[in-house]
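Step one of this worksheet: look at the structure below.
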Amino acid sequence: MEAFLAGQSTAAQQAGGTAPGLDARQETVVLLALSAGLGLSVLLGQRSADDATAVLRYHLGRLFPAPAAPQGVGGKSNDRGARPR
């Protein structure tokens, strides 16, 4: 599992999809340790599965930041999900 995830992280890094300057192997070790620790904390009743998922999503978001939203006319974000006024 570690080798697979490290390979995926390296590929994402080469494609420019990770935060700059990350060590793919070390981040893989951290991710696996984090997920194991969170799983144990859920089993022990220290946190809910939803809380553990939120922590993992937070960490993954730091490793793989979402690309900036495209800018529309006048520098405004092109938010297609906006509700009509």
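Positions are given from 1, in the same order as the sequence printed here. Model, not experiment: these values are computed from the prediction.
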Same cluster or not: L60 versus V30, using hydrophobic residues (I, L, V, M, F, W, Y) connected whenever any side-chain heavy atoms lie under 4.5 Å apart?
no
Looking only at heavy atoms, the pair that brings L38 and A52 closest together is CD1-O, 3.7 Å
Show, in sequence, the C-alpha distance, side-chain angles and deciding distance for R47 and S41, and conclude whether the side chain to side chain contact (heavy atoms under 4.5 Å, CB included) test is met.
CA-CA 6 Å; R47 74 186 76 254; S41 71; 2.9 Å; yes
For E27 and H59, what are the C-alpha separation, side-chain angles and deciding distance, and is it a side chain to side chain contact (heavy atoms under 4.5 Å, CB included)?
CA-CA 10 Å; E27 292 298 340; H59 184 67; 4.0 Å; yes
Least distance between heavy atoms, S48 atom then V42 atom:
O-CG2, 3.8 Å
Minimal non-hydrogen separation, A24 against S9, with atom names:
CB-CB, 3.8 Å
If I take atom CG from residue L31 and atom CD from residue Q26, how far apart are they, to the nearest 0.5 angstrom?
13.0 Å
side-chain contact (heavy atoms from CB on, under 4.5 Å) with L5: of T10, L32, V29, only one passes, and it is L32
Once you round to the nearest 0.5 Å, how far does CG of L22 lie from CZ of F64?
8.0 Å
Closest heavy-atom pair and its distance - T28, E2
CG2-O, 3.5 Å
